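Please read these numbers as outputs of a predicted model, since none were measured by experiment.
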Amino acid sequence: MGNCFSDVEGGKQAVGGAQQRPNSIATTNNNNGGHNDAVEFFFRSRGIQPLFTQLELSLSASNLLDRDITSKSDPMVVVYAKKRDGKLEELGRTEVVLNSLNPAWIEKVTVAFQFEIVQPLVFHVYDVDSKYHNVPVKTLKLNDQEFLGEATCVLSEIVAKQTRSLTLNLNNKNGHTSLRNLGALTIHVEETVSSRSCVEMVVHCSHLDNKDLFSKSDPFLRISRIVESGGSIPICKTEVVKDNLNPIWKPLCLSIQQFRSKDNPLIIECFDFNSSGNHVLIGKLQKSVADLEKLHIERRGANLTLPSPHQDHEKVLKGQLFVDQFCEKQQYSFLDYISSGFELNFMVAVDFTASNGNPWNPDSLHHIDPFGRLNPYQQAIMEVGEVIQFYDSNRRFPAWGFGGRTIDGTISHCFNLNGSTGAFEVEGVEGIMAAYARALHNVALAGPALFGPVINTAAQIAGQSVSYNSNKYFVLLIITDGVITDLQETKDALVRASDLPLSILIVGVGGADFREMEVLDADNGRRLESSTGRVATRDIVQFVPMREVHGGQIFVVQALLEELPGQFLTYMRCRDIKPSPLHAASNPQLLLD
């Protein structure tokens, strides 16, 4: 059966619940080509209207090639859009399913359907090497994985099907037919549902049938939605509870996008987890969300059963499922907050360390070209500034430098970019550019590069705002050449700041080794830990190397805003901060008029 996400603990954690996807309504942050409210809002403000429908792709496969010797393949799908020039643009990745040749992936891939154009899609299936099973799928290097097959189609082919499903035979790369049967891939498409409603439940089972000989079962639930064609699509699974026949699972949050209607039938299956991927079905039942709510109200259980092996139409009781808590709640999107008056306040810090090179040398990252060609720092300020100033109503930015020898001869790790001893704000992107150019004449490049003081200063400003205004969220932009000398102190500062309404966007310029920057961006699934052992409340860092996003404005915008909405929403939801007034949240156009 498989169907275990492999990023952590060998597939034992939950997958697909709205709580695991803080962007599930606002964005799909693991799908590069998916819907992102922040990006859409940015372009709407410039009169670029989205002429598309958001679709969600569900994927399953059958009879995949077995590449493993002692077990079965651990498959993952990567979905691409094929551009006019033949290049592939990644749209998203599924989770990894352990030990399965017939996987049904839970993670969906979002794609924008444009009726008027042909949209070729390419699907690559990989067997993920076991040494990467604790690595988030978005960071996997595909060249390190074993290729299982490729399928191609046009998006409209799936949409035009009455069942909204299309099954394709897998081939070798570039569409070359294989002499061996590589299996088949099935794609099911549905239009996304725009709704803030979700249901949060706490469920438990009692007296489960034991499937293990020398211990108790390790149960988990898988929930699937029945679709109109008669089949079912998995929408989430719980974490595994070890050695327990009366398990209680962590709260499960399902969005309307996942279950579609409270009356839509769901299949709930309880499995005994096996690391081999051959999970044993303990029992199952079919209930709608409305039925589950009724179970909670009436304080009664529902029977988990299996067909009797001896008599037709007879079912054998294998345990009971209870709904201990049930509540309907609203999960507001990034747009809901921004449109109702919440502000993003931006702060900027520029690296003035000597590793950037002498500004008078044309090879320096800080060199000011007499003919007006922008250096990497100027490019970053302009390109990033175009995006970030849009969300800041007064467009007055605190702007600092760090790692430079100021006019008084001291090395400062947080000095005002405009040279003032008091006021640290500048007016707009133009003000940053002007202050930066002046600072290069007044500040000598020095070092070392310490991020801690700048982060602490930004955190102090964010912390002061909490007591008197919960409608502000702060974003610190650090532009650097990538050489950092206070890594642990920076981690300590980031862990402390993770409780505050603050995100930190680090933009790397030049061709340096940015591995230390990537450590700060917790995309490896592990939150930062301080020197005292405290773990960050949430991930607040995003790292973007500018050399990877110079491919047109939309790519810059998407790269910069990829994680920010999710970080913003995680903070607001954890503190139960709601958009206000709600009438503005229901009409994002109010902010644009």
Side-chain angles (χ1 to χ4, degrees), residues 1-16 20 29-32 57 59-80 88-109 122-151 169-174 176 178 180-186 218 220 222 234 237 239-240 271 273-279 513-515 518-519 521-527 543 548:
M1 164 258 177
N3 295 317
C4 283
F5 196 48
S6 69
D7 281 3
V8 180
E9 296 183 354
K12 293 182 181 179
Q13 81 278 28
V15 185
Q20 283 83 47
N29 74 342
N30 66 328
N31 298 341
N32 299 332
L57 304 182
L59 301 162
S60 61
S62 59
N63 301 316
L64 293 178
L65 197 62
D66 192 355
R67 294 286 192 183
D68 294 347
I69 298 174
T70 58
S71 60
K72 297 173 184 173
S73 294
D74 306 316
M76 172 189 76
V77 182
V78 183
V79 183
Y80 300 92
L88 299 182
E89 178 189 351
E90 184 174 328
L91 300 179
R93 304 181 181 190
T94 66
E95 76 276 18
V96 179
V97 175
L98 300 184
N99 296 306
S100 179
L101 304 182
N102 300 283
W105 290 278
I106 292 175
E107 289 291 339
K108 316 304 180 191
V109 176
V122 178
F123 304 86
H124 285 175
V125 185
Y126 291 91
D127 174 21
V128 176
D129 192 287
S130 58
K131 66 183 178 183
Y132 297 105
H133 284 179
N134 290 323
V135 177
V137 292
K138 67 178 288 186
T139 65
L140 288 176
K141 294 182 179 179
L142 299 180
N143 289 336
D144 294 336
Q145 317 310 322
E146 201 152 10
F147 183 75
L148 293 181
E150 174 187 278
N169 289 327
L170 292 171
N171 297 305
N172 290 322
K173 273 192 178 178
N174 301 318
H176 296 148
S178 172
R180 305 173 66 182
N181 178 16
L182 302 182
L185 183 73
T186 298
D218 305 317
F220 69 92
R222 183 178 70 169
K237 81 171 193 69
E239 75 282 2
V240 174
F271 289 90
F273 176 88
N274 285 310
S275 58
S276 66
N278 297 320
H279 310 309
D513 183 350
F514 289 122
R515 277 180 294 187
E518 292 167 355
V519 169
D521 189 342
D523 281 345
N524 61 2
R526 297 182 181 89
R527 292 179 184 171
F543 170 66
E548 294 182 10

Inset, instruction - Tell me, please, which residues at least two apart from Thr186 pass side chain to side chain donor-acceptor pair (under 3.5 Å). - result: Thr167
Inset, instruction - Mark yes or no for whether Glu90, through its side chain, and Val78, through its backbone, hold a donor-acceptor pair below 3.5 Å. - result: no
Legend entry - side chain to side chain donor-acceptor pair (under 3.5 Å) partners of Ser71, counting only residues at least two apart: Asn99
Inset, instruction - To the nearest 0.5 Å, tell me how far Leu185 CG sits from Asn171 CG. - result: 11.5 Å
Inset, instruction - Could you tell me whether the side chain of Asn172 reaches within less than 4.5 Å of the side chain of Leu182, counting heavy atoms only? - result: yes
Legend entry - Contacts of type side chain to side chain contact (heavy atoms under 4.5 Å, CB included), residue Asp144, not counting sequence neighbours: Tyr132, Lys141
Legend entry - Min side-chain heavy-atom separation Leu64-Asn102 under 4.5 Å: no
Inset, instruction - Take the angle between the ring planes of Tyr126 and Phe147 and call it parallel below 30°, perpendicular above 60°, tilted in between. - result: perpendicular
Inset, instruction - Quick one: closest heavy-atom pair of Leu88 and His124, and the distance? - result: CD1-CE1, 4.2 Å
Inset, instruction - For Phe123, enumerate each residue passing the ring-ring contact (aromatic ring centres under 6.0 Å, His included) test, keeping only those at least two apart in sequence or located in another chain. - result: none
Inset, instruction - Would you please classify the geometry between the Phe271 ring and the Phe220 ring as parallel, tilted or perpendicular, with 30° and 60° separating the classes? - result: parallel
Inset, instruction - Indicate yes or no: at least one non-hydrogen side-chain atom of Asp129 is less than 4.5 angstrom from one of Glu146. - result: no
